[in-house]
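One structure below.
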Amino acid sequence: MHGVGKSFYGVSVLSNVDIDVHPGEVHAVVGENGAGKSTLMKIASGVYQPDSGTLRIAGESVVLHNPRDAQAAGVGIIHQEFNLLPERTVAENVFLGREPTRRGLVDRRAMRARTAELLTAVGAETVRPTDRVGALGVAQQQVVEIVKALSLDARVLIMDEPTAALADHEVELLYALVRRLQARGIGILYVSHRLAEVFDLSSRITVLKDGRRVVTVDTADATPEALVRHMVGRELASYYPPKADAPGTALVTLAGAGNGRLRPIDLELRAGEVLGVGGLQGSGRSALARALFGVEGFTAGRMTLDGRPVRPRSPRQAVRAGIAYVTEDRKGEGLALSQSVLDNALLASRAATPRWFGGGARTTSVRDLLAAVEVHAAGADQEVRYLSGGNQQKVVLARWLAMKPRVLLFDEPTRGIDVGAKAAIHELIRDLADQGAAVLMISSELPELLGMSDRIVVMRDGALAGELPGDASEEAVLSLATGTPHEVPA
Amino acid sequence: MTVEAPTGPATLGQSRRGRWGAGSILPVVAILVLLLIAVGIRQPDFYDPPALLAFLKRSAPLIILAAGQYFVIVAGDFDLSVGSLVTAEVVIAARLIDGDPSATWPVVALVLAFGLLVGLVNGLVTTLLLVPSFITTLGMYLILVGAVYTWTGGSPRGALSEEFRMLGRRGIEGVPWLGEIPYAVLILLVLAGLAILAMRSDFGKVLLAVGDNPRAARLAGGRVAGVRTIAFVVSGGCAAVAAILLGGFGGVSFQVGAGLEFTAITAVVLGGVVLGGGRGSVVGAMLGALTLQTLLTLLNLLGVAGALASAVQGLIILAAVAIGGLRART
């Protein structure tokens with residue numbers, strides 16, 4: 001594959017990636033979540049069509065319109081999720097949809113014989129063609145998937161996180177199988193984030209980051225430390241705006257505040273400060289922001305805003321108290337997609353502080369705000385659904401700026417946003433803090449979390465796992481998030 | 001070659017929904033013009049001002065019902081109770097007035113209050129008890145029908161006073177050139193103006209947002225339940241006004257409101273309003289009602305049997321929703 005690029009809805013997820021696989025070679029592809037591994041694999045297997053770049057198989061340029069084209073061209077893919085019918089036999093699964101026939105009837109004997117032959121070839125004689133797939137273990141089901149791909153005369157096999165579902169002792173069996181496939185001259189693209197197996201199996205390694213190929217190295221020359229450095233990468237870190245000089249006074253305080261999803265939390269949000277919230281998905285980060293905003297409010301403990309006790313029971317109360325919340329699910333609960341850019345930007349003003357008269361001045365000031373945050377749209381009356389993710393997020397920002405909030409809660413503020421708009425949003429967030437707002441920013445992206453935050457708290461299992469300074473390391477955040485001291489971030 | 005994300009997607013303007021797209025009023029205006037021309041050819045004196053005003057007078061109840069139904073539909077709900085509410089109101093008014101002119105105005109006030117109350121109950125059951133509005137208002141429909149039958153013992157009793165019927169029948173007489181300006185048309189104009197103002201207000205904009213994405217509206221600080229409830233109250237109030245006008249037109253019967261909920265929904269959809277909420281204008285809904293009325297008039301002029309009119313309505317609603325869906329996709 002050469003110079004492959006792909007973007008979705010204006011967001012570039014893969015650009016100018018080169019990768020090649022030789023017969024009998026295992027070429028590993030590694031990278032963080034969102035680095036573009038899955039997209040690359042889906043392009044190679046015909047699920048997506050690239051916007052740019054070319055694919056060649058055995059020197060011949062091919063265009064894969066769909067997965068069937070890819071099969072015909074000799075590309076097989078083993079997904080993390082198996083695609084098998086549990087109530088059918090192994091042989092029936094392998095030849096599903098293209099059963100060998102004799103005089104118009106399915107030739108079961110030929111089907112079984114051929115399946116047995118392939119199973120022997122990969123050294124999996126313990127699986128019988130007549131076994132019901134649902135009765136097989138996970139590793140054996142994976143074998144069935146691989147045999148299915150081989151029965152299609154695959155010359156290139158893509159394996160997406162093949163060990164993710166396997167128990168430790170099954171991994172050894174997979175290794176043996178991969179080596180047999182190699183010996184048959186099949187090229188393998190091996191996607192994994194487990195560095196140990198990458199080093200065990202592959203001859204070359206390609207690192208992807210932010211949709212670009214960082215490097216391709218011979219495994220013999222690589223070290224795990226160097227790979228991690230490439231995967232994490234820090235090229236973008238320098239684009240973050242300068243941090244706060246001195247933290248301000250506490251604006252929001254939580255004392256033992258909790259609810260059904262949050263254990264009692266003590267926390268301060270300070271004026272002029274960006275407080276980063278790290279943690280894994282489901283660790284309670286969003287629940288914290290939503291509780292502060294009154295979506296699913298606190299049921300225990302105390303919350304004060306500017307020294308006065310508050311406990312928002314609805315977003316409306318929170319908005320009126322000067323709190324703003326930028327949700328992580330922009331399309332699902334951030335925007336009214338069929339309404340115009342202007343109406344979306346005015347939504348909080350109109351909804352939380354409705355007026356019968358004087359709307360004109362408010363409209364004018366919101367138009368100014370839209371221009372100030374540099375929303376690019378065909379016009380203020382364009383439906384907001386047609387804007388790119390970055391511009392949509394700016395519309396949401398303009399909506400809240402109009403309310404002059406003192407506390408802003410951002411949940412994954414740059415998710416699904418391309419790099420240019422990302423930097424603009426980072427700057428807007430920093431400006432807000434500089435003007436004296438207290439900012440809470442949740443982010444799964446470690447570079448963003450570290451680059452933006454003046455102070456970081458990490459959540460785990462609905463509680464605060466610890467607090468870190470803004471210049472903490474990714475390892476420190478990860479070890480707090482996972483509760484395991486010093487693990488290789490992969 | 002490298003693919004760069006577009007940073008200034010001003011070119012996305014091409015995909016902007018056209019003026020003929022879902023939610024637009026242009027299609028219904030076009031249909032209305034065609035129908036009006038057809039009626040004019042069939043009956044040239046249709047365009048004499050008195051005849052035109054008489055036509056508007058006949059259309060007023062449906063237009064008012066459609067305006068009320070619009071508020072509910074654009075918020076993402078349905079109000080199936082308006083037809084039986086109209087019947088109930090007329091029957092109640094007749095029994096309470098029972099020919100006594102002095103009872104007229106108290107009963108008018110009561111009729112309005114009852115309409116608003118039914119709307120309030122619809123709204124609260126839907127938003128607080130989380131019953132889908134389809135079911136809430138279907139239940140209300142059956143409750144009203146059953147209650148009115150029981151209360152009257154099976155046939156309407158009493159009679160409306162002449163003062164009550166005046167609102168739907170009479171008008172300001174002796175106006176030069178126009179002849180008589182029906183009260184119904186004046187009431188219609190006032191209500192239409194109020195509806196348009198309401199939809200231009202913050203309330204209207206939030207109502208649209210609620211119909212489009214209630215979660216976003218809530219997270220922006222909106223009172224979603226409150227706004228939806230108000231929409232039902234508006235619909236109930238409109239049904240009450242329509243009942244007063246319809247009581248004036250015709251006699252007191254159980255048939256006076258029959259099927260009107262469906263006619264109103266057809267009108268709203270014909271006006272380009274998208275079922276499910278968030279798109280379409282109240283002007284479109286009212287023009288939809290006028291268009292439907294014009295079509296029924298035309299069918300009448302062409303001598304098409306009244307029974308077929310309901311089939312035509314069914315066809316219209318299916319076609320309008322299907323076409324609306326196609327337009328939304330492109």
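Below, each value reflects all heavy atoms present in this structure, side chains not excepted, and no hydrogens, waters or symmetry copies. Worth saying up front: this structure is predicted, and the values here are computed from it rather than measured. Order of the sequence lines fixes the chain letters, A, B, ..., with proteins taken first and strands second; residue numbering starts at 1 for each chain.
- Comment: Asp77(B) engages Arg228(B) in a salt bridge, judged by a side-chain N to carboxylate O separation of less than 4.0 angstrom.
- Residue pairs satisfying the ring pair (Phe, Tyr, Trp, His ring centres under 6.0 Å) criterion with at least one member in residues 196-239 of chain B, sequence neighbours excluded, are absent.
- For Phe262(B), the ring-ring contact (aromatic ring centres under 6.0 Å, His included) criterion is met by no residue, not counting sequence neighbours.
- Per-residue counts of heavy-atom pairs under 4.5 Å with chain A were compared for Pro214(B), Gly211(B), Ala217(B), Ala209(B); the largest is that of Ala209(B).
- When heavy atoms are compared at a cutoff of 4.5 Å, Arg223(B) approaches chain A by way of both its backbone and its side chain.
- Both the backbone and the side chain of Leu347(A) come within less than 4.5 Å of a heavy atom in chain B.
- For the set Asn213(B), Val210(B), Val227(B), the entry with the most heavy-atom pairs within less than 4.5 Å of chain A is Asn213(B).
- Checked options Leu369(A), Leu335(A), Leu346(A), Val326(A); the residue passing with Arg399(A) is Leu335(A) (criterion: side-chain contact (heavy atoms from CB on, under 4.5 Å)).
- In summary, the side chains of Glu328(A) and Ser286(A) do present a donor paired with an acceptor at a separation below 3.5 Å, with no hydrogens or angles considered.
- Proximity to chain B (any heavy atom under 4.5 Å) is restricted, for Asp329(A), to the side chain, taken from C-beta onward.
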